Peer 1: 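Can you keep this structure in mind? I'll have questions shortly.
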Amino acid sequence: MSEQTMTAARTEVRTSAVGRRNYPGRRAQLAKRAVGRLLLSLVAIAIGLVSIFPFYWMILTSIKPESEIFTVTPRFWTFDPTLSRYTTLLKGEIGHQLLNSVIIAGGATLCSVVLGMMAAYALSRFAMPAKSVIAVALLVVQMLPAIVVVIPLFAAYRTTGLLNTYTGVIIAHTALALALSVWLIRGFLAGIPKELDEAALVDGANRFQALVHIIFPLALPGVAVSAIFAFITSWNELLLAMTFLQQESMKTLPGALQQFTSQNGTDWGGTMTASTIFALPVMIFFVLIRRYLASGAAVGAVKG
Amino acid sequence: MTVEAASRRRLQLKIIPWLLMAPTMVGIALVIGYPFVRTIWLSLHEGRGLRTGAWVGLDNYVEMVTDGQTQAAFVRTVVLTAVTVIGSMVASLLIALVLNSGLPGMKLLTILVVLPWAMPRVSAAILWKWAFDSQYGVVNWLLSSLGLGMFDGYGWFNNGTSALFVVAVAIIWAKIPFLTIAMLAALKSVPGDIVEAARLDGASAFKVLLRIKVPVMRPVIVVLFVLATIQAFQAFDHIYVMTVPPGARTTRPRSCRCSRTWRRSPSSTAAWDRRWRC
């Protein structure tokens with residue numbers, strides 16, 4: 001290519017950049033982009049509708065009068081809302097069951113985060129023999145479904161008197177969530193420079209102080225993600241909770257919801273009211289830790 | 001530092017990690033390890049309620065493997081796992097792309113996508129079952145008002161394939177919040193200048209996704225894939241809630257068959273799980 005054509009080409013680029021507003025085909029390109037944006041917006045609206053619909057339907061059903069719940073043409077709004085189901089339900093056992101669920105899920109979350117943090121710190125900061133074997137073994141443990149352990153555990157709980165106690169279920173749920181917590185938090189700790197703990201140690205802190213005051217605050221996003229994971233796991237866990245808590249007064253969320261379904265059918269209004277009541281604490285929990293959510297998931301997953 | 005202090009410090013470095021690991025390892029060994037070994041042991045015996053019967057060796061396993069229903073349940077588990085894992089991964093990647101597109105209102109949409117996570121899983125399953133009800137379901141109403149007359153009163157739970165489809169939809173829906181948030185965070189870590197450079201060089205949006213975004217997100221996608229697969233294999237509550245009463249047995253994969261056989265004899269469940277699970 002000769003010098004002259006190069007210069008010409010360069011000038012052309014420059015003029016097209018200057019005259020960008022009116023070059024031919026600009027209108028078509030703009031139209032294409034507008035159509036693209038419109039389609040994308042429609043897709044976005046569809047996503048929003050599908051993901052929120054069951055949630056909306058749950059709340060709507062809980063305040064619909066009985067006659068509007070089962071209709072051949074679904075009714076997407078009610079002009080006659082009623083709170084009577086809430087008042088009847090709140091008079092009954094539900095407050096107690098909610099408390100059971102909060103105690104168990106909260107206990108399991110706390111245990112698995114604290115123990116997970118300790119184990120993850122050990123795995124990421126010390127030279128241990130068989131480190132990767134331990135890490136992989138934890139993942140394998142995570143793969144075992146609860147059903148594998150439920151029978152022997154039931155027998156063991158019966159002899160040790162842990163049936164129908166909070167402690168028993170908290171221990172079981174912690175074990176279910178713990179392996180994943182260790183993995184998640186370990187991923188986050190890998191992103192925190194070792195020099196930080198060393199600096200703290202040189203300054204006279206002991207290992208425990210370094211962990212609590214330096215490392216824990218930095219790992220908070222990862223801790224938040226694993227806390228949500230543990231909480232949701234325990235909150236929704238059906239099999240172990242139903243097996244180990246047989247007394248009516250010890251029932252948790254899944255048990256509370258099942259009482260609305262009998263051989264004769266399902267009390268939809270009641271089920272949805274109870275579901276709404278049970279969804280509230282989780283929503284509050286989300287709001288409390290939302291700041292750490294998006295940032296946390298990325299770093300943890302990348303490093304994990 | 002004296003020699004003594006140095007050696008004490010070295011000893012400390014050896015002991016501390018084990019002290020930190022101890023509660024986790026002891027807990028998991030007691031709650032999962034011991035019952036797991038015990039389950040294997042039970043599986044080699046005849047079962048009578050909660051008592052252990054006579055030693056039968058691998059008989060329970062042979063019975064399980066040759067049982068047609070069990071084989072069918074295993075196949076269904078694999079199919080359901082594949083469908084829900086692939087479906088939820090692809091769906092949440094697409095949703096994350098939309099959320100990352102920079103259109104107005106995407107912050108609100110992110111909240112809408114995450115909110116269903118708060119819903120009790122059992123209730124979500126119940127609601128999906130209701131939505132696909134032949135008479136009172138929203139889905140049939142929607143499809144038939146869109147002019148698809150064949151769905152008027154269509155019984156989704158009447159045949160195995162469509163029932164499996166409904167369960168898959170419910171499971172995928174439940175998985176989307178977590179996967180989408182993780183994917184979105186990963187997408188945000190894709191360097192913007194590389195994407196811009198590729199677009200200026202004339203790469204299509206699809207090419208950019210395939211050649212730049214997905215490779216950058218690969219570590220996250222792999223971790224999520226492993227997690228999703230593990231969880232899908234353990235799917236229990238959705239299937240239990242959605243298909244229990246009216247005998248729609250054909251949708252029940254492995255985990256539910258376990259709970260049923262368990263009532264008959266614990267050892268056969270054990271055998272079962274040992275065989276397919278591990």
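The sequence lines fix the lettering, A, B, ..., with proteins before strands; numbering per chain opens at 1. Remember, predicted model here, so these are calculated numbers, not experimental data.
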Peer 1: Evaluate the side-chain proximity of B/T24 to A/M118: yes if any heavy-atom separation is below 4.5 Å, no if none is.
Peer 2: no
Peer 1: For A/L153, which atoms come within 4.5 Å of any heavy atom of chain B: side chain, backbone, both, or neither?
Peer 2: both
Peer 1: Would you name the heavy atoms of B/L109 and A/G48 that are closest together and state the gap between them?
Peer 2: CD1-CA, 3.4 Å
Peer 1: Under 4.5 Å from any heavy atom of chain A, what part of B/P104 do you find: side chain, backbone, both or neither?
Peer 2: side chain
Peer 1: With side chains defined as the heavy atoms from C-beta onward, is the minimum distance between B/W130 and A/T61 less than 4.5 Å?
Peer 2: yes
Peer 1: Against chain A, label B/M106 side chain, backbone, both or neither, depending on which of its atoms sit under 4.5 Å from a heavy atom there.
Peer 2: side chain
Peer 1: Going by atom type alone, with no hydrogens or angles, which donor-acceptor pairs under 3.5 Å involve a side-chain atom of residues 91-103 of chain B and a protein atom two or more places apart or on another chain?
Peer 2:
residue	atom	partner	partner atom	Å
B/S92	OG	B/S88	O	2.6
B/S92	OG	B/M89	O	3.2
B/S101	OG	B/V98	O	2.7

Peer 1: Tell me, side chain or backbone of A/L257 under 4.5 Å from chain B's heavy atoms, or both, or neither?
Peer 2: side chain
Peer 1: Measure up the A/F76 and B/W141 rings against each other and bin them: parallel (under 30°), tilted (30 to 60°), perpendicular (over 60°).
Peer 2: tilted
Peer 1: Below 4.5 Å, heavy-atom pairs only: which of B/I28, B/T229, B/I176, B/V138 has the largest tally toward chain A?
Peer 2: B/V138
Peer 1: So for A/S41, is it side chain, backbone, both, or neither that comes closer than 4.5 Å to the heavy atoms of chain B?
Peer 2: both
Peer 1: A/S51 and B/V113: which non-hydrogen atoms are nearest, and at how many Å?
Peer 2: OG-CA, 3.9 Å
Peer 1: Looking at B/L127, B/L142, B/I221, which one has more heavy-atom pairs under 4.5 Å with chain A than the rest?
Peer 2: B/L127
Peer 1: Report the distance from atom CG of A/L253 to atom OG of B/S123, rounding to the nearest 0.5 Å.
Peer 2: 6.5 Å
Peer 1: Relative to chain B, which segment of A/M272 carries a heavy atom at a distance below 4.5 Å: side chain, backbone, both, or neither?
Peer 2: side chain
Peer 1: Could you state the interatomic distance from CZ (B/R121) to CD (A/E237), rounded to the nearest 0.5 Å?
Peer 2: 8.5 Å
Peer 1: Counting neighbours of NZ on A/K32 that are heavy atoms of other residues, nucleotides or ligands and sit closer than 6.0 Å, is the number greater than 12?
Peer 2: no
Peer 1: Is there a side-chain contact between B/L115 and A/I52 in this structure, where contact means two heavy atoms from C-beta onward sitting under 4.5 Å apart?
Peer 2: yes
Peer 1: Rounded to the nearest 0.5 Å, what separates atom CZ in A/F208 from atom CG in B/L20?
Peer 2: 10.0 Å
Peer 1: Please classify the contact of B/I126 with chain A as side chain, backbone, both or neither, using a heavy-atom distance under 4.5 Å.
Peer 2: both
Peer 1: If you count heavy-atom pairs under 4.5 Å between each of B/I32, B/V122, B/V226 and chain A, which one has the most?
Peer 2: B/I32
Peer 1: Please report the interatomic distance CD1(A/I151) to CG(B/L42), rounded to the nearest 0.5 Å.
Peer 2: 7.0 Å
Peer 1: Contact part of A/L180 toward chain B, heavy-atom cut-off under 4.5 Å: side chain, backbone, both or neither?
Peer 2: side chain
Peer 1: May I ask you to name which of A/F229, A/F55, A/F53 has the most heavy-atom pairs under 4.5 Å with chain B?
Peer 2: A/F55
Peer 1: Only pairs of heavy atoms separated by less than 4.5 Å count here; which of B/Q135, B/M183, B/M119 has the most with chain A?
Peer 2: B/M119
Peer 1: Just verifying a value: how many Å separate A/Y56 OH and B/L112 CG, rounded to the nearest 0.5 Å?
Peer 2: 13.5 Å
Peer 1: Checking B/W41 against chain A: side chain, backbone, both or neither under 4.5 Å from a heavy atom?
Peer 2: neither
Peer 1: Going from CG on A/L138 to CE on B/M25, what distance comes out if it is rounded to the nearest 0.5 angstrom?
Peer 2: 7.5 Å
Peer 1: What option among A/A44, A/A179, A/A137 has the most heavy-atom pairs under 4.5 Å with chain B?
Peer 2: A/A44
Peer 1: Check whether B/W173 reaches the backbone of A/V50 with its side chain - one donor and one acceptor, N or O, closer than 3.5 Å.
Peer 2: yes
Peer 1: With only heavy atoms counted, which part of A/I134 is less than 4.5 Å from chain B, the side chain, the backbone, both or neither?
Peer 2: side chain
